[in-house]
Amino acid sequence: AGVKEDSFNVLDLAEYTKNRPWWRKVFAPSSGSSAEKYNVATQLVIGGVTGWCTGFIFQKVGKLAATAVGGGFFLLQIANHTGYIKVDWKLVERDVNKAKQQLKFHSGGNKMSPEVKSRVDEVIIFLKKNVILTGGFAGGFLLGMAS
């Protein structure tokens with residue numbers, strides 16, 4: 001029996017970006033601020049469009065998630081009321097209280113792990129360097145949520 005050997009092309013993003021200067025310019029780790037590359041109008045358009053798309057998708061996913069959670073809770077209540085399942089409310093209350101204590105314990109110290117702190121610092125630096133782009137994104141996001 002002949003064995004057919006499939007061949008796959010592998011897309012190496014590192015090589016791809018070397019040949020695409022616009023991609024490297026936008027997404028390079030040391031790309032600097034968007035103010036160095038784009039004028040104010042372009043920054044606002046880029047930020048606004050990406051923000052609107054993100055807000056619109058966030059709104060749709062949020063509605064879907066709320067419907068799923070609400071519907072699931074409704075079905076659980078019907079099943080509990082009709083006797084198909086029995087909910088141990090004391091156990092639920094105990095677990096919720098335990099979770100509250102854990103949240104208080106973790107948020108009481110306000111200590112971030114070094115990994116989280118470095119990521120937060122990177123985000124803050126990016127936001128400071130790209131104020132206009134970030135403002136456009138925030139405005140677009142709010143418009144997307146409203147539409």
Side-chain angles (χ1 to χ4, degrees), residues 1-17 20 22-35 37-38 42-147:
V3 176
K4 183 181 176 189
E5 197 172 308
D6 292 330
S7 65
F8 296 99
N9 290 331
V10 177
L11 176 60
D12 184 3
L13 289 178
E15 289 299 318
Y16 182 78
T17 57
R20 304 291 187 268
W22 64 271
W23 184 282
R24 189 174 58 237
K25 184 177 178 183
V26 172
F27 295 108
S30 60
S31 59
S33 74
S34 60
K37 294 178 253 170
Y38 305 109
T42 305
Q43 290 178 65
L44 284 174
V45 168
I46 292 171
V49 169
T50 56
W52 183 86
C53 291
T54 305
F56 186 76
I57 291 170
F58 191 78
Q59 175 203 30
K60 295 299 180 189
V61 169
K63 283 182 181 177
L64 179 66
T67 303
V69 169
F73 183 71
F74 182 68
L75 289 175
L76 278 174
Q77 288 291 43
I78 289 175
N80 183 38
H81 182 69
T82 56
Y84 283 107
I85 62 170
K86 186 71 177 155
V87 177
D88 185 355
W89 291 110
K90 296 267 186 216
L91 180 62
V92 171
E93 183 180 0
R94 191 185 76 207
D95 288 346
V96 167
N97 287 334
K98 195 185 303 182
K100 282 183 190 176
Q101 292 300 322
Q102 288 292 326
L103 286 174
K104 285 180 185 175
F105 174 73
H106 288 302
S107 64
N110 268 342
K111 294 179 182 173
M112 282 193 272
S113 67
E115 302 88 30
V116 173
K117 184 163 176 34
S118 68
R119 290 292 177 196
V120 168
D121 290 342
E122 285 178 28
V123 169
I124 290 172
I125 290 168
F126 175 81
L127 294 178
K128 285 180 180 177
K129 284 184 176 180
N130 301 289
V131 173
I132 296 171
L133 186 71
T134 304
F137 180 85
F141 182 80
L142 294 175
L143 286 173
M145 288 290 289
S147 53

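Any value given below was found using the heavy atoms of this structure, including those in side chains, with hydrogens, waters and symmetry copies removed. Numbers here simply count residues along the sequence, with the first being 1.
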Worked verdict on L64 versus K60 for side chain to side chain contact (heavy atoms under 4.5 Å, CB included): CA-CA 6 Å; L64 179 66; K60 295 299 180 189; over 6 Å; no
Any E93 side-chain heavy atom under 4.5 Å of N97 side chain: yes
Distance, nearest 0.5 Å, that separates CD1 of I85 from CD of Q77: 8.5 Å
I125 side chain reached by K128 side chain, heavy atoms, under 4.5 Å: no
Donor-acceptor contact below 3.5 Å, side chain N80 vs main chain L76: no
Over all atoms of both residues, closest heavy-atom pair of Q59 and M145: NE2-O, 3.2 Å
I46 vs Q43 side-chain heavy atoms within contact, under 4.5 Å: no
For the student: nearest non-hydrogen atoms of F137 and T50, plus distance: CD1-OG1, 3.4 Å
Rounded distance (nearest 0.5 Å) linking atom CZ of F73 with atom CD1 of I78: 11.0 Å
